[in-house]
There are 2 protein chains.
Amino acid sequence: MSAILETESPKRQAVLDAAATLFMAHGYGDVSMDAIAREASVSKATLYAHCGSKVQLFATIINETCRSKMVAADVLVETEIASTSDVGEALRAFGIRVTQFLLEPTTQAIYRVVVAECVRFPELAQSFYDSGPAHFRAFFSGWIGRQMRAGRLREGDPTVAAEQFVALVRGDIHLRISIGLSVPHDAAAIERHVGDAVDTFLRAFGTG
Amino acid sequence: MSAILETESPKRQAVLDAAATLFMAHGYGDVSMDAIAREASVSKATLYAHCGSKVQLFATIINETCRSKMVAADVLVETEIASTSDVGEALRAFGIRVTQFLLEPTTQAIYRVVVAECVRFPELAQSFYDSGPAHFRAFFSGWIGRQMRAGRLREGDPTVAAEQFVALVRGDIHLRISIGLSVPHDAAAIERHVGDAVDTFLRAFGTG
DNA sequence: GTCTATAGAAGGATAGAC
DNA sequence: GTCTATCCTTCTATAGAC
């Protein structure tokens, strides 16, 4: 959870790091300002001098964590999917990336926090969705559309196809992870799972 | 949120109803025992006499809500899916049921609470999953398997197929709803969405 | 900028009267 | 069984010294 937000002051950096760690691990309500101050080895007064209020600090942390996380994922996937001209291979590589992304602890943590706090912080959910899943799918459906026009995928609505592929890859994993249940995360299990998703998708959208 | 748990005492009933309403709406941490007592028009001492502790009350409410909700859904789907011998029609009817189920406020509320509290109450997540999604899919994959053996669906792993169909139906809806974003819920939009899922599924698993 | 000390409010839980 | 009144803890936020 290091260096979510870069800053000049070391105390400020310590505060942001501590807040990120604790908020991501336990959500908003269960983290006290005392705990953040202790974790950051800073007094509460210093904490308040830097962050304003608990709400403000929380919003800052979540927004920045979302942003950095999603941008990183975006770049990864973009290079991954552009690297091959074989549709099946590209989908497989993309699917594995998505699955690994879902399995990362930080991803789970962000999602859990957003779910838990979406009533108290509605604007947070929207910005999470826009900068994450929506941005992601806009890019992916663009790629799908190009494959359709190139004749490598059956013609159809690229947005629907993109949503369906992601849904197949997500499968039950997302549900299980979101409520803290274990998921097989060895390479073989992931490849098998993604293989099933790609098989089904290509049966429906392939041109072979 | 009425009558989650039947009981003889009216005060006890009032406590359970109030707790269910508030816990489902705001989660565990943001609901005080004072608030529950006020909502139930009962003193705090009476509240504690009936429920033991806040944790105990919460566990009771969530488990009972899950159970009653899931059992009801189960029965509905079972009758729905058995009512026709046409695979496509059965899947369509089933998909619409699932979608409507996902859109119900109580469904969303339970899921949000389980996500938010799965760290504090791990056994709650397991019982939610077992009595809900897992039980559900066990039944559905049984049906899929029978269709496969009858030659109405292509042979394959019924569990994978069941998971994939549910994933297609869930699509983006579950994600959006879980973080409090709006979802089109008019009949036409639902039918179109389910129709897309059924089309893709039958292209991959149909025998036509 | 940074600390100690504290104000002021709210929460979980219980004692004791009826 | 039910209520009122209260204890003790914890929380957010700030005042005031350095």
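We name chains A, B, ... by the order of the sequence lines, and we start the count at 1 in each one.
Between A:Asp30 atom CG and D:dT10 atom P the separation is 14 Å, expressed in whole Å. In this structure, the CG atom of A:Leu57 is 11 Å from the P atom of D:dT12, given to the nearest Å.
At a threshold of 4.0 angstrom between heavy atoms, the contacts of A:Ser32 are confined to the sugar-phosphate backbone, with no base atom among them. Nucleic acid contact for A:Val55: none, since no nucleic acid atom lies under 4.0 Å from a heavy atom of the residue.
Remark: B:Glu117 engages B:Arg120 in a side-chain hydrogen bond (donor to acceptor under 3.5 Å, both in side chains) (not counting sequence neighbours). Qualifying side chain to side chain contact (heavy atoms under 4.5 Å, CB included) partners for B:Ser43, counting only residues two or more places apart in sequence or in other chains: B:Ala45, B:Thr46. Residues that satisfy the side chain to side chain contact (heavy atoms under 4.5 Å, CB included) test with B:Ala116, not counting sequence neighbours, are A:Ala116. Residues satisfying the salt bridge (Lys or Arg N to Asp or Glu O under 4.0 Å) test with B:Asp199, not counting sequence neighbours, are none. Remark: B:Arg97 engages B:Glu80, B:Gln100 in a side-chain hydrogen bond (donor to acceptor under 3.5 Å, both in side chains) (not counting sequence neighbours). Listed by chain and number, the residues in a side-chain hydrogen bond (donor to acceptor under 3.5 Å, both in side chains) with B:Lys11 amount to none (sequence neighbours excluded).
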I'd like a table of atom pairs between the protein and nucleotides 5-8 of chain D - only N or O on both sides, under 3.5 Å - with the distance next to each one.
none

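Residues A:Asp172 and B:Tyr129 have side chains that bring a donor and an acceptor to within less than 3.5 angstrom of each other.
Sequence order on DNA chain C of the closest nucleotides to A:Ser41 and B:Gly29 puts A:Ser41 first from the 5' end. Residue B:Thr46 is the one, among B:Thr46 and A:Met33, whose nearest nucleotide of DNA chain D lies closer to the 5' end (criterion: closest heavy atom).
Between chain A and DNA chain C, the heavy-atom contact criterion of under 4.0 Å yields a 5' to 3' nucleotide range of C:dT2 to C:dT4.
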List the atom pairs, with distances to 0.1 Å, where a side-chain N or O of residues 179-186 of chain B and a protein N or O form a donor-acceptor pair under 3.5 Å, not counting sequence neighbours.
residue	atom	partner	partner atom	Å
B:His185	ND1	B:Val183	O	3.1
B:Asp186	OD2	B:Ala189	N	3.3

